[in-house]
J.: 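This is the structure I want to talk about, given as structure tokens.
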Amino acid sequence: GQQLNQSPQSMFIQEGEDVSMNCTSSSIFNTWLWYKQDPGEGPVLLIALYKAGELTSNGRLTAQFGITRKDSFLNISASIPSDVGIYFCAGVDNQGGKLIFGQGTELSVKP
Amino acid sequence: EAQVTQNPRYLITVTGKKLTVTCSQNMNHEYMSWYRQDPGLGLRQIYYSMNVEVTDKGDVPEGYKVSRKEKRNFPLILESPSPNQTSLYFCASSLDSGQGYEQFFGPGTRLTVL
């Protein structure tokens with residue numbers, strides 16, 4: 001079936017550093033999404049990308065939809081302690097309805 | 001308050017004992033979905049529903065059933081639970097399955113099958 005490979009699996013960074021994580025797929029997706037999950041809670045949508053090549057920002061977060069439609073990255077600038085959590089990429093399959101998630105990137109930020 | 005609620009939040013049961021995890025949303029959303037989250041595997045979609053009486057399999061539907069008799073409710077049924085269904089389960093809903101995909105997730109149900 002369709003799979004998303006997300007990397008890195010975990011990151012330990014100092015407050016103030018920039019962070020980058022990415023997702024690749026063997027299949028084409030028409031929509032890419034980035035979610036964040038805080039400890040003990042469900043994921044919350046951060047950014048949605050609908051067009052190949054699209055670059056979208058949400059505050060300190062920037063995400064891009066790869067030209068091939070098989071990859072996406074998420075950057076976080078000037079990290080702060082509340083950025084701690086698990087970040088998931090997700091792709092929407094071509095038939096719509098099915099959402100495929102990456103394995104997640106666990107981010108730890110040292111104050 | 002707009003929300004997705006799940007019950008129970010925690011459940012320990014034994015192999016073969018039928019159980020139902022309820023999910024309800026108060027946002028009049030058409031699309032609802034169930035996921036399971038396991039370490040190293042991210043979230044995997046079990047079943048989804050585009051509208052009342054319309055359900056479809058996700059990536060890991062084996063061992064699960066769902067129903068969508070009303071718009072607000074989307075229960076997940078495990079007819080004969082097995083230990084490999086021990087997991088953290090999330091219900092989610094969104095306005096529709098079109099562009100936007102802002103899926104609102106419930107707080108999760110941690111299930112342990114002994």
J.: What's the spacing between B/L43 CG and A/Y35 OH if we round to 0.5 Å?
T.: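 The OH atom of A/Y35 is 9.5 Å from CG of B/L43, to the nearest 0.5 Å.
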J.: Starting at CG of A/L99, measure out to CD of B/Q103 and round the result to the nearest 0.5 Å.
T.: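 Result: 5.0 Å between the selected atoms.
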J.: Is there a continuous path of hydrophobic side-chain contacts, each under 4.5 Å between heavy atoms, that joins B/L11 to B/L76?
T.: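 Shared cluster, yes.
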J.: Taking a hydrophobic cluster as the set of Ile, Leu, Val, Met, Phe, Trp and Tyr residues connected by side-chain heavy atoms closer than 4.5 Å, whether directly or through intermediates, do B/I46 and B/M50 fall within one such cluster?
T.: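 Looking at the clustering, B/M50 is in a separate group from B/I46.
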J.: Heavy-atom cut-off 4.5 Å, strictly under: side chain, backbone, both or neither for A/Q37 against chain B?
T.: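 It is the side chain, since no backbone atom gets that close.
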J.: Are there more than 12 heavy atoms of other residues, nucleotides or ligands under 6.0 Å from atom CD1 of B/I12?
T.: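 Result for CD1/B/I12: open.
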J.: Hey, are the side chains of B/F105 and A/V44 touching, using non-hydrogen atoms and a 4.5 Å cut-off?
T.: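 Not in contact.
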J.: Between atom CZ of B/R44 and atom CD of A/Q103, what is the distance when rounded to the nearest 0.5 Å?
T.: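 Separation between the atoms: 11.0 Å.
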J.: Transitively linked via ILVMFWY side-chain contacts under 4.5 Å: A/L49 with A/L61?
T.: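 Shared cluster, yes.
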J.: Determine whether A/I47 and A/I76 fall in the same hydrophobic cluster, where Ile, Leu, Val, Met, Phe, Trp and Tyr are linked whenever their side-chain heavy atoms lie under 4.5 Å apart.
T.: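 A/I47 clusters together with A/I76.
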J.: Are B/L88 and B/L78 linked, directly or through intermediate hydrophobic residues, by side-chain heavy-atom contacts shorter than 4.5 Å (ILVMFWY only)?
T.: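 No: no chain of side-chain contacts under 4.5 Å links B/L78 to B/L88.
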J.: List the atom of B/Q37, the atom of A/F88, and the distance in Å for their closest heavy-atom pair.
T.: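 So the two residues come closest at NE2-CZ, 3.3 Å.
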J.: Does any heavy atom of chain B fall under 4.5 Å from the side chain of A/Q9, the backbone, both, or neither of them?
T.: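 Contact with chain B is absent: no heavy atom of A/Q9 under 4.5 Å.
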